[in-house]
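Position 1 is the first residue of the sequence, and the numbers go up from there.
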Amino acid sequence: QVQLVGSGGGLVQAGGFMRLSCATTVSISNINLMGWYRQAPGKQRELVASITVAGDTTYPDSVKGRFNISRDNAKNSVYLQMSSLKPDYSAVYYCRSDTAYGSIYWGRGIHVTVSS
């Protein structure tokens with residue numbers, strides 16, 4: 001079983017930056033994919049970044065150039081660095097892991113509010 005512990009949310013100004021963290025309770029070598037999702041009020045949850053065990057990253061066009069996902073294998077952690085933030089980026093952000101043995105786990109939501 002896997003537990004995901006996220007941190008780093010809060011309030012930031014438009015144009016600013018924020019770094020989210022997600023630590024796992026198992027080795028990242030046992031996880032095929034780590035990703036970050038967000039869900040704004042009244043909208044569906046959407047992918048904003050992902051990284052494979054090989055280090056390949058994926059971003060939707062809406063956040064390219066602003067979001068960066070990275071991994072620290074020694075700390076069994078992944079990070080999401082967000083810059084040039086917009087007010088419509090305000091949402092609850094979630095860490096997700098897809099394990100090598102076929103299970104999906106979600107972390108607790110992290111609230112991010114971007115002020116005008």
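- Side-chain contact check for Ile104 versus Arg96: some heavy-atom pair is nearer than 4.5 Å.
- Taking every heavy atom of both residues into account, Arg38 and Ala91 meet most closely at CB-CB, 4.0 Å.
- A distance of 9.0 Å separates CG in Leu47 from OG in Ser62, rounded to the nearest 0.5 Å.
- For Gln13, there are no side-chain hydrogen bond (donor to acceptor under 3.5 Å, both in side chains) partners at least two apart in sequence or on another chain.
- Cluster membership check: Trp36 shares its hydrophobic cluster with Val12, using side-chain heavy-atom separations under 4.5 Å among Ile, Leu, Val, Met, Phe, Trp and Tyr.
- Residue Gln39 qualifies as enclosed at atom CD: its count of foreign heavy atoms under 6.0 Å is above 12.
- With contacts defined as side-chain heavy-atom distances shorter than 4.5 Å, the pair Val63/Glu46 does not qualify.
- We find the CG-CD1 distance between Leu80 and Ile110 to be 9.0 Å, quoted to the nearest 0.5 Å.
- Between Tyr94 and Arg45, some side-chain heavy-atom pair lies under the 4.5 Å cut-off.
- Considering only heavy atoms from C-beta on, Met82 stays 4.5 Å or farther from Val114 through its side chain.
- In the hydrophobic clustering of this structure, Tyr37 does not group with Leu85; members are Ile, Leu, Val, Met, Phe, Trp, Tyr whose side-chain heavy atoms approach within less than 4.5 Å, directly or through other members.
- In this structure, the side chains of Tyr79 and Cys22 stay at 4.5 Å or more apart for every pair of heavy atoms.
- Note on residues 105-116: no pairs pass side-chain hydrogen bond (donor to acceptor under 3.5 Å, both in side chains), not counting sequence neighbours.
- A pairwise comparison of heavy atoms in Met34 and Ile69 identifies O-CD1, 4.0 Å as the closest pair.
- Among all heavy-atom pairs drawn from Ser97 and Ile31, the shortest one is CB-CG2, 3.9 Å.
- Put simply, the side chain of Pro60 does not reach to within 4.5 Å of the side chain of Phe67, judged on heavy atoms.
- Counting heavy atoms from C-beta on, the side chains of Asn30 and Val2 never come closer than 4.5 Å.
- When side chains are defined from C-beta on, Asn76 counts as touching Ser27, because their heavy atoms get closer than 4.5 Å.
- Taken to the nearest 0.5 Å, the CG atom of Leu4 stands 10.0 Å off from the OG atom of Ser77.
- For the side-chain hydrogen bond (donor to acceptor under 3.5 Å, both in side chains) condition, the pairs that include at least one residue of residues 64-74, sequence neighbours left out, are Tyr59-Asn68, Asp61-Lys64, Arg71-Asn73.
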